[in-house]
J.: 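Let me give you the structure first, and then I'll get to my questions.
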There are 4 protein chains.
Amino acid sequence: MLSIQITTGSDVPIFRQIVEQVRAAIACGKLSVGDPLPSVRALAAEIVVNHNTVAKAYAQLIRDGIVESHQGRGYFVAERREIFTKAERTRRVNVMIQPLVSEAALLGFSGEEVLAMVEKQFSKMVASNQGNR
Amino acid sequence: MLSIQITTGSDVPIFRQIVEQVRAAIACGKLSVGDPLPSVRALAAEIVVNHNTVAKAYAQLIRDGIVESHQGRGYFVAERREIFTKAERTRRVNVMIQPLVSEAALLGFSGEEVLAMVEKQFSKMVASNQGNR
Amino acid sequence: MLSIQITTGSDVPIFRQIVEQVRAAIACGKLSVGDPLPSVRALAAEIVVNHNTVAKAYAQLIRDGIVESHQGRGYFVAERREIFTKAERTRRVNVMIQPLVSEAALLGFSGEEVLAMVEKQFSKMVASNQGNR
Amino acid sequence: MLSIQITTGSDVPIFRQIVEQVRAAIACGKLSVGDPLPSVRALAAEIVVNHNTVAKAYAQLIRDGIVESHQGRGYFVAERREIFTKAERTRRVNVMIQPLVSEAALLGFSGEEVLAMVEKQFSKMVASNQGNR
DNA sequence: GTGGTCTAGACCACG
DNA sequence: GTGGTCTAGACCACA
C-alpha cells in the first residue's frame with residue numbers, strides 16, 4: 001500500500017510533494033514496474049486534497065516518463081528509463097547549490113557549518129524515508 | 001563592472017535571478033561595501049527587462065539588509081549588519097537546503113557526492129574573492 | 001472583518017497605509033495567528049486600487065515575518081517568530097522615533113506631551129486587544 | 001552665523017534636513033524676524049550639496065510662511081505666523097505615533113521600553129541643538 | 001477561485 | 001540623471 005504524507009503550509013506545493021513521494025517509492029522499490037498507482041479520486045480522498053492537484057501530479061509523472069496511463073484502467077509504473085545525463089543532473093543540483101552558498105556566506109556561516117547542515121538534512125530525509133517502509 | 005546574465009523562460013523568475021547574482025557578487029567580493037549597483041533603468045535596459053522588475057529585485061536586496069538606496073543617487077552595497085537571529089539565519093539556510101537534498105537524492109546522488117559539490121562551490125566563491133583583492 | 005481605509009493624495013504611499021493598518025490589526029488582536037487576510041484582488045477592488053499595490057503591501061508583511069502566503073489559498077497571519085536581533089529591532093524602532101520627536105519638537109510639543117501621546121496610543125491598542133478576546 | 005549639519009545616508013532627504021534646521025534655528029532664537037538667510041549658492045557651497053537642493057529647501061520654507069524672498073536681495077526670516085491649530089498639530093504627531101506603537105509591539109517591545117526610547121531620542125535631540133549654539 | 005510575475009507606461013520626489 | 005509609486009492589463013502556477 002502506497003502511503004503519501006502531505007505537509008500543508010510547506011514551501012513545496014502539494015502536487016510536487018506527491019510527485020516526489022511517488023518517485024521515491026519507485027526508487028526505493030516500494031513500487032515496481034507495472035504496479036498500479038491509486039486512482040486519482042481515491043488518493044485525493046485519502047490525503048484530503050483537491051483531485052485536480054492529484055491529477056496534476058500524475059500528469060507530471062507521465063511527462064517525466066516514470067508513469068503511464070492506460071485509458072480506462074488507471075495509472076501504472078512505467079518501464080524505468082534514464083532521462084537525464086550525468087552532466088545534466090549535476091547541472092541541476094549545482095543550480096540549487098550556487099544561491100545556497102551565497103546566502104549562507106552573507107548570513108555569516110562558514111563552509112563547515114553549511115556542510116554540517118546539509119549532511120544533517122540528508123540523514124533526516126533518509127531516516128524519514130525508511131520510516132515509511 | 002557587474003555583469004548580470006538572465007535566462008528567460010527559466011522556472012526561476014527574472015527578479016530572483018538578479019537577486020541571486022548580485023548576492024553572489026557581494027558574497028565573493030566582486031562588489032564591496034559602498035560600491036554602487038548599476039542604476040535600475042540602466043540595468044533594465046542592459047538585460048532587456050522592465051525597470052519594475054529590476055526595482056523589485058533591488059527592493060528584495062534591501063529587505064535582506066545587504067544594499068541601501070539613496071533617493072536620487074542610486075543603490076549601494078551596505079555595510080554588513082547582524083540583522084537576523086541565529087535561529088532565523090539557520091532557518092533561512094535550511095529552507096534552501098531541504099529542496100536541494102531532496103532533488104539531489106531523486107537524481108541519484110549520494111550524500112557524499114552532494115557534500116563534495118557544496119564544498120566545491122564554496123571554495124570557488126572564496127577563490128574568486130581572493131582574486132578580486 | 002478587516003476594514004482598510006485609504007487616503008489618496010496623502011504623502012504616505014497607499015501600499016504603506018495598507019501595511020500599517022494590517023500591522024495595527026495584528027498588533028491589537030483584531031487578527032490572530034492563522035486568520036486569513038482579505039484576498040489580494042478582493043481588497044484591491046474594495047479600496048479601489050490596483051491589485052499590484054495590495055500585493056506589494058502583502059509582500060512587505062511577509063518580509064517582516066508577520067504573515068505567510070500559500071499559493072492558491074491566500075495570505076494568513078503567521079505565527080510569531082523572533083526574526084531580528086535585539087540591535088536590529090531597536091534600530092527599527094528608533095528609525096521611527098527619530099522623525100517623530102523632531103517633528104513634534106518643531107510643532108512645539110514638549111517631551112512630556114509626546115510621551116503622554118505615545119502612552120495613550122499604546123493603551124488604546126492594548127484596550128482594543130482585550131475587547132477582541 | 002547659521003550652521004547647518006547635513007547627514008548624508010540618512011533616511012531624511014537633505015532638503016528636509018535644511019528645512020528643519022532653519023526652522024529649529026528660528027524657533028530657538030538663533031535667527032530673528034528680518035534676519036537674512038545665507039544665499040542659495042553660498043549655503044550650497046558650504047554644506048557641499050547641489051544648489052537645487054538648497055533652493056528646494058528655501059522654497060519649502062517660503063511655502064510654510066516662515067521665510068520671505070526679496071527679489072534680488074535674498075531670503076529673510078518672515079514675521080512669525082501660527083499656521084496649524086492645536087488639533088492639527090496633535091493630529092500630525094499622532095499619525096506618526098500610530099505606526100510606531102504597532103511596529104514596536106510586533107517587535108516585542110513593551111510600552112515602557114518604547115517610552116524610554118522616545119525620551120532618550122528627545123534628550124539627544126535637545127543636546128545636539130544646544131551644541132549648535 | 002487564489003497568489004506570482006512581468007510589461008508598458010505614467011507621474012512624482014530627490015540631487 | 002537617480003529612485004519610488006501606481007495603474008492597467010496580461011499570463012502563469014496552485015488548489
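In what follows, chains carry the letters A, B, and so on, assigned in the order in which the sequence lines appear, proteins first and then strands, with residues in each chain numbered from 1.
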J.: Would B/Arg23 and B/Asp64 pass as an ion pair if we require N to O under 4.0 Å?
T.: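 Counted as a salt bridge, because a side-chain N and a carboxylate O are separated by less than 4.0 Å.
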J.: Would you mind reading off the distance between B/Ile62 atom CD1 and F/dT5 atom C1', rounded to a whole angstrom?
T.: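 Whole-Å distance recorded here is 14 Å.
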J.: Which one is paired to E/dT7, where only Watson-Crick or G-U wobble pairs with both distances under 3.5 angstrom count?
T.: F/dA8
J.: Using side-chain contact (heavy atoms from CB on, under 4.5 Å), reason through B/Val67 and B/Leu37 one step at a time and then give a plain yes or no.
T.: CA-CA 9 Å; B/Val67 311; B/Leu37 268 58; 4.1 Å; yes
J.: Could you tell me the separation between the CD1 atom of A/Ile6 and the C1' atom of F/dC14, rounded to a whole number of Å?
T.: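 A/Ile6 atom CD1 is separated from F/dC14 atom C1' by 13 Å.
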J.: Please state how far atom CG in B/Leu43 lies from atom C1' in F/dG1, giving the value in whole angstrom units.
T.: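 About 17 Å, once rounded to whole Å.
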J.: Round to the nearest Å and state the distance from A/Gln60 atom CD to F/dA15 atom P.
T.: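 Computing the A/Gln60:CD to F/dA15:P distance gives 12 Å.
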J.: Considering only heavy atoms from C-beta outward, does the side chain of B/Gln71 approach that of D/Pro13 to under 4.5 Å?
T.: no
J.: Between atom CD1 in D/Ile18 and atom C1' in E/dG15, what is the gap in whole Å?
T.: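 Atom CD1 in D/Ile18 sits about 11 Å away from atom C1' in E/dG15.
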J.: I want to check something: taking the side chain as every heavy atom from C-beta on, are C/Pro38 and C/Leu2 in contact at a cut-off of under 4.5 Å?
T.: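 A side-chain contact under 4.5 Å exists here.
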J.: Figure out the OH/C1' separation between B/Tyr75 and F/dG1, and round it to whole Å.
T.: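 It works out to 15 Å between those atoms.
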J.: Please check the phosphate of F/dG3 (OP1 and OP2 only) for any side-chain N or O of B/Ser69 closer than 4.0 Å.
T.: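 Indeed not, no polar side-chain atom of B/Ser69 lies that close.
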J.: Kindly compute the distance separating CD (B/Glu68) from CG (B/Leu61), expressed to the nearest 0.5 Å.
T.: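 Going from the CD atom of B/Glu68 to the CG atom of B/Leu61 covers 12.5 Å.
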J.: Now, which nucleotide makes the Watson-Crick or G-U wobble pair with E/dC14, with each of the two distances under 3.5 Å?
T.: F/dG1
J.: Heavy atoms under 4.0 Å is the rule here; annotate nucleotides 6-13 of chain F 5' to 3' with B where the base is hit, S where only the sugar-phosphate is, and - elsewhere.
T.: BBBBBB-B
J.: Do D/Val19 and D/Lys56 have side chains that approach each other closer than 4.5 Å (heavy atoms only, starting at C-beta)?
T.: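 The answer is no, as the side chains (C-beta and beyond) never meet within the 4.5 Å cut-off.
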